[in-house]
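Heads up: the structure comes next, in structure tokens.
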2 protein chains.
Amino acid sequence: MVTIKEIAETVGVSIATVSRVLSNSSYPVSQDTRARILQVAQDLGYSPNLAARSLRTDQSTLIGVILDNFTSSWAPIIIRGLQDVFHRRGYFSLVVNMPWEIHSQSDVVQNLLGHSVDGFVFVETWHTVSERKDLLNTKPYVTVHRLFHEPDPYSVIPDDVYNSSLTIDHLTKLGHKRIAYIAGHEAYFSSEERLTGYKQSLEKAGLSFDESLIYRGNWSVPSGYQCTQELIQKSELPTAIAAANDQMAIGAILAVQEHGLRVPEDIAIVGYDNDEIAQISNPTLTTVQMPLFKMGQIAAENLLCQIDKKPCETTEQLIKGDLFVRQSCGDPQGKDIHASDFMREGNGAFVNRHTLKEDT
Amino acid sequence: MVTIKEIAETVGVSIATVSRVLSNSSYPVSQDTRARILQVAQDLGYSPNLAARSLRTDQSTLIGVILDNFTSSWAPIIIRGLQDVFHRRGYFSLVVNMPWEIHSQSDVVQNLLGHSVDGFVFVETWHTVSERKDLLNTKPYVTVHRLFHEPDPYSVIPDDVYNSSLTIDHLTKLGHKRIAYIAGHEAYFSSEERLTGYKQSLEKAGLSFDESLIYRGNWSVPSGYQCTQELIQKSELPTAIAAANDQMAIGAILAVQEHGLRVPEDIAIVGYDNDEIAQISNPTLTTVQMPLFKMGQIAAENLLCQIDKKPCETTEQLIKGDLFVRQSCGDPQGKDIHASDFMREGNGAFVNRHTLKEDT
DNA sequence: ATAATAATAGAAAACGTTTTCTGTGTCAAT
DNA sequence: ATTGACACAGAAAACGTTTTCTATTATTAT
């Protein structure tokens, strides 16, 4: 590896001047020598030893990213959003999976601090604010899609209330008056928010809230299936079922179809997340998508803002999502559609994880 | 941050001795002082400044991980496997998404080298061997699940031939004699390997290979759907369809069902990958799973082996997968099963990305 | 003309480690 | 008794930067 010393020798100048040019400090260096140094650095293929720089400046251009579950369908997209900003600004991220079970263990974070990371991002984690503060030891941080109930000033979260009501509004506009709701696990912050969105939409539509139409799943397909089984056993059927995520909505579809009922003709169904399965299920699923990539970007901007000690957003940022209308609620125009219509549109309309568009 | 100097002062000893103890060098230090230093380090909450260590030793305990697509369904699992080993050995990884389009740009790698990473992992990338060597500048590397045709000595890849024939063998054992095959995109190494597995299985079962039963998709659901449409239009129907991945298998199911045919009664279908959808589709999909987590682990072991300059595997390592028998080929015992049976088994049997078991 | 300031650049210190070099004192072997 | 080996420990150099301090020259303001 070529060092500034070598450059200094070839140019015939002190290492101080080379450093001043290459680390583009504000210190005045003559146009002539600046140009010569830049040229030689280029020729020799110089790239700075970041360990040395870090040692001297106590800045590493490294960010610690801590995840609850790397293999969730959201986390990778959020990370892409984060890295989109980080890489553009010359930062790399140390991504560490740190699931619920080991949240108490702080040695990982200790180790990250040893690498003198400049800040932290918590993605979908369960940490409490004080736990984070303890761990981080005054290093700036930001959270994305926090799962816990406790609010956090530096947090970027989906506007679950709004997003949820997007789906319910869609149903009420189609004339549904009796809408069952399969909520997520109550330990999750998002569950309660989405339920609130449901309630608000009902109120907006002048419908009364009926506790007996609320079921509790645990996000999984089987739990959606089981809730729907219970629901069907009861006396009066709803005309629509909204689920707090796509997985449970899929479970609901399977249960409904098993009883010889049709989706959407007999019962309409909406989900939440726009997971890949929403495009593959039969019928395809109307759902709402959180702008995960954008959330990552915003979080990264905020963190870098803190690191640069510039004035920046210090309140939770709620990000709105978009409704994806597919087949599971019927066509708003009353047109009859089939699962295969979707396929016929060709690849363009079909987005999977392999062809993910991120800048939406 | 507390330094070895502070420890040295409190203990009343030179920084050299402290260093020798804390970096557990083989240099002799008396039991007494060793214990005292360890104690004080513990009390003060010492954690080494890794930038300084890196500067001195030219080892960073950092690994560069370069991915083609972070948001694929495999990559995160592979990364978990890698990190499982890395973290245990005190290494962190700088994970960088570097898709096909920017493969020529080497500034990212330059930057990683600036961080003096100790080695590289390429996950699902398209780089040629010489491209990698150029980029890396003698740093050790290993590839996991390479997508390109060119072989690479330090590579951990699924045994696609074997895995593919697992699915075809399953079909032939069930008595199928006319099996159509939807291959993947030919640019991918895996496509040809899986096709080879198909051919080998036919031969094993004494069936002749029929070129007209081979279709080419591009891994997507719609492409599987379209291939199957073509296939159905032709004169004689096959009794089974095997697809080179689950997505295309799902497309096949949709197309078959659209024509009023039943899966598996009229046409059996198998996939490849054991994606999450394989459990959710109706019928659920018989498929084969690559041990991605394990592949990551093996790759990490190999890389650390190279870094430690110990003798290690220098040929491609082929990893075998496992068959997951579900509903889409019918039950081998002739029992009749329904989509909902699967749900009734409860959550235990159902594994999604949220409840992923990694040590399989 | 002179003092004050600005532009420019080198010397050297500093960041926190590891490791070489140099020294002690102890012990066993001659 | 002297040598050699060994266990132990401190001093100091080194890693590649950035930055403070100091010095020289050129420019400007009086």
Side-chain angles (χ1 to χ4, degrees), chain A residues 1-38 40-41 44-62 90 110-118 137, chain B residues 1-38 40-41 44-62 90 110-118 137:
Chain A
M1 283 278 87
V2 29
T3 71
I4 56 168
K5 195 176 158 200
E6 297 179 50
I7 296 175
E9 279 163 6
T10 12
V11 178
V13 82
S14 78
I15 61 162
T17 358
V18 176
S19 170
R20 293 199 255 258
V21 171
L22 262 28
S23 63
N24 42 40
S25 90
S26 58
Y27 200 92
V29 174
S30 75
Q31 279 307 315
D32 179 48
T33 46
R34 157 164 276 121
R36 269 160 58 224
I37 289 170
L38 251 23
V40 171
L44 266 50
Y46 171 76
S47 108
N49 180 319
L50 297 170
R53 177 175 289 176
S54 165
L55 179 59
R56 185 54 230 249
T57 63
D58 204 31
Q59 294 183 333
S60 58
T61 60
L62 249 34
Q110 273 301 319
N111 211 329
L112 284 173
L113 285 170
H115 277 287
S116 46
V117 294
D118 297 337
N137 190 29
Chain B
M1 283 279 87
V2 29
T3 70
I4 56 167
K5 195 176 157 200
E6 298 178 48
I7 296 176
E9 280 164 5
T10 15
V11 179
V13 83
S14 77
I15 60 162
T17 5
V18 176
S19 171
R20 293 197 256 256
V21 171
L22 262 29
S23 63
N24 42 40
S25 92
S26 59
Y27 200 90
V29 174
S30 76
Q31 279 308 314
D32 178 46
T33 47
R34 157 165 277 123
R36 269 159 57 224
I37 288 170
L38 251 22
V40 172
L44 267 49
Y46 171 77
S47 108
N49 180 319
L50 297 169
R53 176 176 290 176
S54 165
L55 178 60
R56 184 56 230 250
T57 62
D58 204 33
Q59 294 183 334
S60 59
T61 59
L62 249 32
Q110 272 301 320
N111 211 330
L112 284 173
L113 286 171
H115 277 286
S116 46
V117 294
D118 297 337
N137 190 29

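Computed from a prediction, not measured in an experiment: that's the story for all the values here. Quick note on labels: first sequence line is chain A, next is B, and so on, each numbered from 1.
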| task | Could you point out which residue of A/I15, A/V13, A/V21 forms a side chain to side chain contact (heavy atoms under 4.5 Å, CB included) with A/T17? | result | A/V13

| task | Mind calculating the distance between CZ (A/R34) and P (C/dT8) to the nearest angstrom? | result | 9 Å

Shorter than 3.5 Å, N or O on both sides, protein versus nucleotides 17-19 of chain C: list them out with atom names.
unit_1: C/dT17; atom_1: OP1; unit_2: B/Y46; atom_2: OH; d: 3.0
unit_1: C/dT17; atom_1: OP1; unit_2: B/N49; atom_2: N; d: 3.4
unit_1: C/dT17; atom_1: OP2; unit_2: B/I4; atom_2: N; d: 2.9
unit_1: C/dT17; atom_1: O5'; unit_2: B/Y46; atom_2: OH; d: 3.2
unit_1: C/dT18; atom_1: OP1; unit_2: B/R53; atom_2: NE; d: 2.9
unit_1: C/dT18; atom_1: OP1; unit_2: B/R53; atom_2: NH2; d: 3.1
unit_1: C/dT18; atom_1: OP2; unit_2: B/S19; atom_2: OG; d: 2.5
unit_1: C/dT18; atom_1: O2; unit_2: B/R56; atom_2: NH1; d: 2.1
unit_1: C/dT19; atom_1: O4'; unit_2: B/R56; atom_2: NH2; d: 3.4

| Whole angstrom value for the distance that separates P of C/dG16 from CG of A/D58 | 8 Å

| Least distance between heavy atoms, B/V2 atom then B/G45 atom | CG1-O, 3.7 Å

| request: Looking at every strand, decide which applies to B/S54 at a 4.0 Å heavy-atom threshold: base, sugar-phosphate, or nothing. | output: nothing

| In whole angstrom, what separates B/E9's CD from D/dG10's P? | 13 Å

| Atom pair distance, as rounded to whole Å: NE2 in A/H115 and C1' in C/dG16 | 15 Å

| query | Where is the tightest heavy-atom contact between B/M1 and B/E6, given as atom of each residue plus distance? | reply | O-OE2, 3.6 Å

| message | I want to check something: taking the side chain as every heavy atom from C-beta on, are A/L44 and A/T10 in contact at a cut-off of under 4.5 Å? | response | yes

| query | In degrees, rounded to 10°, what is the bend between the two ends of the helix from C/dA1-D/dT30 to C/dT30-D/dA1, using five pairs at each? | reply | 50°

| said: Restricting to non-hydrogen atoms, name the atom on B/S25 and the atom on B/R34 that form the minimum distance, rounded to 0.1 Å. | reply: O-NH2, 4.4 Å

| query | Where do B/D118 and B/T61 come nearest, in terms of heavy atoms and distance? | reply | OD2-N, 2.8 Å

| task | Please report the shortest heavy-atom distance between A/S116 and A/S60, naming the atom on each side. | result | O-OG, 2.5 Å

| task | Output the single nucleotide from D/dG10, C/dA7, C/dG10 whose closest atom is nearest the side chain of A/S14. | result | C/dG10

| note | Which of D/dA7, C/dC21, D/dC15 is nearest the side chain of B/Y27? It is C/dC21

| Which heavy atom in A/I4 sits nearest to a heavy atom in A/Y46, and how many Å separate them? | CG2-OH, 3.4 Å

